[in-house]
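Structure record follows, encoded as structure tokens.
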Amino acid sequence: MAISFEIKKKCKNTAARTGRIDTPHGSINTPVYMPVGTQATVKAMTPRQVEEAGAEIVLGNTYHLYLRPGHETVKKAGGLHKFMAWDKPILTDSGGFQVFSLGAIRKITERGAEFSSHLDGSKHMLTPEKAMSIQEALGADIIMAFDECTEYPAEYEQVLAAMERTHRWAQRCKDAKSRDDQALFGIVQGGMFPELRKKSAKEIADMDFEGNAIGGLSVGEPKDIMNDMLDITAPLLPESKPRYLMGVGSLDYIIDAVARGIDMFDCVLQTRVARNGTALTKRGKLVIRNAKYAEDFTPIDDKCTCYTCRNFTRAYIRHLIKANEILASTLLSIHNVQVTIDFIKEIRESIQNGDFLEYKNEFFANYNV
RNA sequence: GGAGGGAUUCCCGAGUGGCUAAAGGGAGCAGACUGUAAAUCUGCCGUCGACGACUUCGGUGGUUCGAAUCCACCUCCCUCCA
């Protein structure tokens, strides 16, 4: 086994739990938020800043790194950790999400997905086997099965077909995997259909991956539906292995999912909205770009201990945004990543202390969507 | 003193008789963003009691059914010649 997962404390009132994942590059405390560094960089942040924000693990992406600079180049560099100067754990996504997000320029067959590169239009075939070999070349601690993420809304037949293909591809990923110092996670699909979600969760669980992910959620469906899907899916995934909700999310989504037994999260929201002038806080979002902050000489959040909040005001950050200065992206990214990590740390502490439910209720009492 | 050219909505800048409240860009304002084709995208951007009305294109007067667009004079700016 490439990783080990230990549950430390379980909530009495919900399915929430705390734990620790040990990987070849160190330990991760769960629940965990993983900043996304698609192209071997968490956009606008240095690895030092990512680390100082409290990140214990970051993501990379198979599709993007395969196209540029090329996984062989990363391998020659000594692997992704060394290449990007991040010696803590890394998880790479398989390219399954690009099957979804690049829907218009890709074609799916049983063999795999054929993409027209978004960079130069050239054609590339990503198969489960290829996704495994790329991820083995990149050398992340946790790698993901190549899945087919379906859009919302979608017809039952279409979701069923994608789900079944995802299961077949999951097995092929397992069969193709050759390195034993990387943990492979399977991915549950099934759209918003309870029966398909159940079926998918059971089948993926039965394949005995080292961890299990739930994909295909937070793709535009109402939050209630997503939570319903989690209620159905999470309990069917083995308790003894990490559960990873892919692509989520905002603070309110995270805490709801933790209550349903999710241990791992990743999301681009933090760094993306940062680059678009928005700060996340435990009380809701602040569009620092807005005129009302022009002469607001207070920190984004006076309780936040991040580098940005310790040193800069809303007015200054707004000025940087308006002046199109790159530091705006950096300062807001630092804050958004840390606020999410600090939040999830508080969640861990509340679970540990046995008052998670109270913490959750208090959070929602103060949170403005 | 003479000869040309020009003044357009916050800025730059199209527009030379009706399809023009006036292209486009910038600035400004707001919204979106959830396994990153994103430092992106979308909307608003003369005024108002606003699916309609009213006032605008240096100023004044005129031609015309109708003018930012044509004419006269005036004001200011630029270039060239003395």
Side-chain angles (χ1 to χ4, degrees), chain A residues 33-45 57-65 67-68 90-106 115-121 124 131 135 140 142-150 152 166 185-189 211 213-223 226 244-254 256-257 262 264-280 285 287-294 317-318 320-333 336 340 369:
Chain A
Y33 164 70
M34 309 181 280
V36 181
T38 304
Q39 306 200 77
T41 166
V42 177
K43 292 183 191 292
M45 296 177 76
I57 171 173
V58 299
L59 258 69
N61 186 277
T62 296
Y63 169 82
H64 290 276
L65 294 173
L67 284 183
R68 184 173 57 189
I90 295 177
L91 180 153
T92 46
D93 188 22
S94 62
F97 184 73
Q98 280 62 45
V99 174
F100 162 78
S101 66
L102 303 178
I105 53 173
R106 130 252 102 167
F115 294 91
S116 295
S117 161
H118 68 283
L119 299 173
D120 62 7
H124 299 271
Q135 292 188 82
I142 298 173
I143 63 177
M144 301 303 298
F146 186 58
D147 65 327
E148 181 182 342
C149 179
T150 45
Y152 173 84
T166 291
F185 281 27
I187 304 175
V188 173
Q189 288 291 342
I214 300 170
L217 292 180
S218 195
V219 289
E221 78 282 8
K223 190 184 184 197
M226 186 185 91
Y244 166 24
L245 176 56
M246 307 186 77
V248 172
S250 52
L251 304 189
D252 53 333
Y253 277 48
I254 286 175
D256 270 343
I262 301 299
M264 302 166 69
F265 302 88
D266 78 279
C267 196
V268 306
L269 190 72
Q270 282 69 10
T271 47
R272 178 177 287 170
V273 300
R275 294 191 305 282
N276 296 331
T278 297
L280 305 179
K285 69 179 180 187
V287 184
I288 299 297
R289 174 177 25 89
N290 286 359
K292 62 179 168 181
Y293 300 114
I317 297 165
R318 174 179 136 90
L320 295 178
I321 295 164
K322 301 305 286 184
N324 211 6
E325 285 290 343
I326 53 179
L327 186 58
S329 294
T330 296
L331 294 181
L332 282 171
S333 293
N336 285 349
T340 305
V369 179

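All figures in this text were calculated on a predicted structure; none of them were measured in a lab. Sequence lines set the chain letters: A, B, ... in the order given, protein chains first and strands last, and positions in each chain run from 1.
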Next item on the list: Would you kindly compare A/G103 and A/D252 by the position of their nearest RNA chain B nucleotide and give the one closer to the 5′ end?
Entry: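 The answer here is A/D252.
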Report yes if a side-chain nitrogen or oxygen of [X] is closer than 4.0 Å to either non-bridging phosphate oxygen (OP1 or OP2) of [N]; otherwise report no.
{"X": "A/N290", "N": "B/rC29", "value": "no"}
{"X": "A/N61", "N": "B/rG35", "value": "no"}
{"X": "A/S250", "N": "B/rU34", "value": "no"}

Distance check needed: [N] [atom2] versus [X] [atom1], whole Å only.
{"X": "A/K322", "N": "B/rA27", "atom1": "NZ", "atom2": "C1'", "answer": "9 Å"}
{"X": "A/Q98", "N": "B/rG35", "atom1": "CD", "atom2": "C1'", "answer": "8 Å"}
{"X": "A/L59", "N": "B/rU34", "atom1": "CG", "atom2": "P", "answer": "16 Å"}
{"X": "A/H118", "N": "B/rA37", "atom1": "NE2", "atom2": "C1'", "answer": "5 Å"}
{"X": "A/Y293", "N": "B/rA30", "atom1": "OH", "atom2": "C1'", "answer": "13 Å"}
{"X": "A/F100", "N": "B/rA37", "atom1": "CZ", "atom2": "P", "answer": "10 Å"}
{"X": "A/D120", "N": "B/rA37", "atom1": "CG", "atom2": "P", "answer": "16 Å"}
{"X": "A/Y253", "N": "B/rC33", "atom1": "OH", "atom2": "C1'", "answer": "12 Å"}

What's [X] touching, base or sugar-phosphate or nothing? Going by heavy atoms closer than 4.0 Å.
{"X": "A/L119", "value": "nothing"}
{"X": "A/E221", "value": "nothing"}
{"X": "A/Q270", "value": "nothing"}
{"X": "A/G37", "value": "nothing"}

Integer angstrom distance from the [atom1] of [N] to that of [M]:
{"N": "B/rA27", "M": "B/rC11", "atom1": "C1'", "value": "7 Å"}
{"N": "B/rG46", "M": "B/rA38", "atom1": "C1'", "value": "34 Å"}
{"N": "B/rC12", "M": "B/rG6", "atom1": "C1'", "value": "15 Å"}
{"N": "B/rC76", "M": "B/rC70", "atom1": "C1'", "value": "23 Å"}
{"N": "B/rU40", "M": "B/rA23", "atom1": "C1'", "value": "25 Å"}
{"N": "B/rA68", "M": "B/rA22", "atom1": "P", "value": "13 Å"}
{"N": "B/rC78", "M": "B/rA39", "atom1": "P", "value": "45 Å"}
{"N": "B/rU75", "M": "B/rG59", "atom1": "P", "value": "15 Å"}

Base of [N], side chain of [X] - is there a donor-acceptor contact under 3.5 Å?
{"X": "A/D266", "N": "B/rG35", "value": "no"}
{"X": "A/T271", "N": "B/rU36", "value": "yes"}
{"X": "A/D147", "N": "B/rG35", "value": "yes"}

Check: Looking at A/I90, A/L91, A/V268, A/T38, which one forms a side chain to side chain contact (heavy atoms under 4.5 Å, CB included) with A/L59?
Finding: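 Filter result, single survivor: A/L91.
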Next item on the list: Could I get the full list of side-chain contact (heavy atoms from CB on, under 4.5 Å) partners for A/T271, not counting sequence neighbours?
Entry: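 A/T271: side-chain contact (heavy atoms from CB on, under 4.5 Å) contacts with A/V42, A/R275, A/S333, A/V337.
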Counterpart residues, side-chain hydrogen bond (donor to acceptor under 3.5 Å, both in side chains), relative to [X] (two or more places apart):
{"X": "A/S250", "value": "A/D252"}
{"X": "A/Y33", "value": "A/Q270"}
{"X": "A/T92", "value": "A/Q135"}
{"X": "A/S117", "value": "A/D120"}

Between the protein and nucleotides 39-45 of chain B, which nitrogen or oxygen pairs come in under 3.5 angstrom?
| residue | atom | partner | partner atom | Å |
| --- | --- | --- | --- | --- |
| B/rA39 | OP2 | A/R275 | NE | 2.9 |
| B/rA39 | OP2 | A/R275 | NH2 | 3.4 |
| B/rU40 | N3 | A/N276 | OD1 | 3.4 |
| B/rU40 | O4 | A/N276 | OD1 | 3.1 |

Notebook entry, point to check: Among the nucleotides B/rA37, B/rC33, B/rU34, which one has an atom lying closest to any side-chain atom of A/V268?
Noted result: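 When the side chain of A/V268 is considered, B/rU34 is the closest of B/rA37, B/rC33, B/rU34.
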Checklist line | Nearest-neighbour nucleotide for the A/K285 side chain, B/rC33, B/rU34, B/rA32 considered | finding: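 Within the option list, the nearest is B/rA32.
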Using purine N1 to pyrimidine N3 plus N6-O4 or O6-N4 for Watson-Crick, or N1-O2 and O6-N3 for G-U wobble, both under 3.5 Å, which nucleotide pairs with [N]?
{"N": "B/rA53", "value": "B/rU47"}
{"N": "B/rG1", "value": "B/rC81"}
{"N": "B/rA30", "value": "B/rU42"}

Check: Ignoring hydrogens and geometry, is there a side-chain-to-backbone donor-acceptor pair from A/T330 to A/A44 under 3.5 Å?
Finding: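 Such a contact is found between A/T330 side chain and A/A44 backbone.
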Notebook entry, point to check: Got a donor-acceptor contact below 3.5 angstrom from the A/N336 side chain to the A/L280 backbone?
Noted result: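 Judged by distance alone, yes, a pair lies under 3.5 Å.
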Next item on the list: Indicate, with yes or no, if the rings of A/H118 and A/H64 have centres closer together than 6.0 Å.
Entry: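 Yes; A/H64 has its ring centre under 6.0 Å from that of A/H118.
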Checklist line | Closest heavy-atom pair and its distance - A/I288, A/L332 | finding: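 Answer, listing the atom of A/I288 first, then A/L332: CG1-CD2, 4.3 Å.
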